[in-house]
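The next block holds one structure in the form of structure tokens; read it before the comments.
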2 protein chains.
Amino acid sequence: MTSQQDLLDTLAQVARALGSGHRLALLERLAQAPASVETLAGSTRLSVGNASQHLQQLRRAGLVTANRSGKQMIYRLTDERIVSLIGLLRQVAETNLAEMERLVGQFFADGDSGGALEAVSRSDLLAGLKRGDVALLDVRPAEEFAAGHLPAAINIPVEQLEQMLDLLPEDKEIVAYCRGPYCALSHEAVQRLRQLGYRVRRFEEGYPEWKAAGLPVTSA
Amino acid sequence: MTSQQDLLDTLAQVARALGSGHRLALLERLAQAPASVETLAGSTRLSVGNASQHLQQLRRAGLVTANRSGKQMIYRLTDERIVSLIGLLRQVAETNLAEMERLVGQFFADGDSGGALEAVSRSDLLAGLKRGDVALLDVRPAEEFAAGHLPAAINIPVEQLEQMLDLLPEDKEIVAYCRGPYCALSHEAVQRLRQLGYRVRRFEEGYPEWKAAGLPVTSA
DNA sequence: GCAACATTCTATCACTCCATTGAATGTGGG
DNA sequence: CCCACATTCAATGGAGTGATAGAATGTTGC
């Protein structure tokens with residue numbers, strides 16, 4: 001005799017696992033590529049012990065799995081749909097929560113001098129790629145790029161941006177992307193490239209959303 | 001200078017609002033129809049004071065809104081997508097959490113004598129309706145039915161099932177639905193109707209999911 | 001303005017969650 | 001077999017959450 005309440009309580013456990021900014025950051029990082037505890041702790045500025053504890057909460061909620069590889073534990077998302085789930089959560093929050101709207105506004109205005117940083121939507125990007133007049137720039141670290149990226153993207157991690165400018169075409173508009181809508185890497189890249197005179201905009205999503213939508217990705 | 005962490009923390013607040021079985025029950029009830037605090041408390045077996053507090057957490061998270069109507073406060077969902085969000089959460093949980101699978105199994109086996117209670121999928125239902133060989137039965141309370149229901153559905157609340165049998169056609173298969181996948185009403189109806197000899201199955205979703213999918217609904 | 005009603009607020013207690021620390025476990029290399 | 005390393009476990013204190021009861025607020029009808 002299972003009551004409906006048991007099911008909802010269990011569902012609520014999963015929701016609670018998403019109820020921490022640190023865990024959402026871990027999930028966002030895991031959406032790029034599987035990683036060890038130490039790597040994840042580094043990406044999220046958590047102590048190793050703390051990261052481990054959060055990862056185990058995510059594991060108990062069925063959101064990540066872990067398997068050993070030598071001395072390291074490699075964590076990965078259990079399910080592609082977790083990216084969609086967080087995306088939907090984001091949409092609902094942005095639409096209905098004033099505080100969220102405010103923060104998003106700040107995030108996009110951050111260091112911006114005008115309204116020109118308008119992001120490129122998925123459909124715009126697909127159209128531009130089809131026409132062949134945009135170049136895709138992936139500004140994530142090389143390791144994440146290697147684990148998977150958009151077709152035909154060029155990888156220049158932000159730290160090495162100025163040193164690798166010759167990889168960028170000059171006759172096309174550049175579209176930069178990174179980990180997701182709240183990832184600052186592509187913002188930074190866009191700003192620095194604009195100062196150097198490049199015609200460049202930001203893709204409003206990131207690699208995980210692209211992949212979760214079932215669009216083609218390339219690895220290695 | 002908004003950090004990404006502020007955005008994720010705010011997002012986490014919304015997720016935390018979903019992190020309680022009672023609040024999920026309130027949301028499920030609100031997905032049927034807007035309702036007063038007292039009504040909601042009754043539907044979820046919470047005290048009025050407690051329900052009010054949970055509703056305000058949902059309000060702070062931007063998931064519900066309230067406006068006064070005379071002496072009562074009428075709460076409603078802010079966004080249709082909240083139903084999809086919970087649906088996706090449910091899918092992820094059912095796929096990846098062993099405990100969830102166990103509970104769902106119990107829920108469906110509950111009082112069942114065989115495997116014959118296989119639920120009808122959305123596409124099967126649409127096909128059956130198009131062919132005209134299924135009759136739709138809505139077993140929710142009349143008030144929720146009035147606020148919105150599937151086209152051509154007949155409303156017989158479970159409490160009045162035996163008294164209103166003459167509304168049911170005898171030459172068609174009956175498909176019963178209620179509030180959602182975890183709502184027990186249609187289960188109960190199917191079991192009782194089967195014992196009476198009817199050919200009847202359960203729709204695997206409910207009214208809110210149908211509506212959230214953008215399919216046509218009728219009200220009043 | 002007062003009585004009846006619906007809802008919210010306040011205070012309290014028990015409980016859970018979070019970050020930190022240091023100890024314990026498991027693994028590969030010598 | 002022991003050491004170095006990566007990770008997990010266990011214990012602590014502090015902050016937040018949930019349910020309850022009772023007071024306070026706001027609304028309608030007289």
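In what follows, every chain begins at residue 1, and chains take the letters A, B, ... in the order their sequences are listed.
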Under 3.5 Å, is there a donor-acceptor pair linking the side chains of [X] and [Y]?
{"X": "T95(A)", "Y": "R81(B)", "result": "yes"}
{"X": "D138(B)", "Y": "Y207(B)", "result": "no"}
{"X": "E143(B)", "Y": "Q32(B)", "result": "no"}

Counting only side-chain nitrogens and oxygens, does [X] get under 4.0 Å of the OP1 or OP2 atom of [N]?
{"X": "H54(B)", "N": "dT17(D)", "answer": "no"}
{"X": "R23(A)", "N": "dC18(C)", "answer": "yes"}
{"X": "Y75(B)", "N": "dA6(C)", "answer": "no"}
{"X": "S52(A)", "N": "dT7(D)", "answer": "no"}
{"X": "Q56(A)", "N": "dC9(D)", "answer": "yes"}
{"X": "Q53(A)", "N": "dC17(C)", "answer": "no"}
{"X": "R68(A)", "N": "dT27(C)", "answer": "yes"}
{"X": "R16(A)", "N": "dT16(C)", "answer": "no"}

Round to a whole Å and report the spacing from [atom1] of [X] to [atom2] of [N].
{"X": "N50(B)", "N": "dT8(C)", "atom1": "CG", "atom2": "P", "result": "13 Å"}
{"X": "I74(A)", "N": "dT7(D)", "atom1": "CD1", "atom2": "C1'", "result": "12 Å"}
{"X": "L46(B)", "N": "dA19(D)", "atom1": "CG", "atom2": "C1'", "result": "10 Å"}
{"X": "E38(A)", "N": "dA6(D)", "atom1": "CD", "atom2": "C1'", "result": "7 Å"}
{"X": "R60(A)", "N": "dT8(D)", "atom1": "CZ", "atom2": "P", "result": "11 Å"}
{"X": "L58(B)", "N": "dT8(C)", "atom1": "CG", "atom2": "P", "result": "12 Å"}
{"X": "Q72(A)", "N": "dG28(C)", "atom1": "CD", "atom2": "P", "result": "11 Å"}
{"X": "D9(A)", "N": "dC15(C)", "atom1": "CG", "atom2": "P", "result": "17 Å"}

| task | Find which nucleotide of DNA chain C each of S69(A) and S20(A) is nearest to by heavy atoms, and output the residue with the more 5' nucleotide. | result | S20(A)
| query | Between dT20(D), dT27(C), dT7(D), which nucleotide has the shortest distance from any of its atoms to the side chain of K71(A)? | reply | dT27(C)
| Is any NZ, NE, NH1 or NH2 atom of the basic residue among E118(B) and R202(B) found under 4.0 Å from an Asp or Glu carboxylate oxygen of the other? | no
| To the nearest 0.5 Å, how far apart are CG in L18(B) and CG in L18(A)? | 8.5 Å
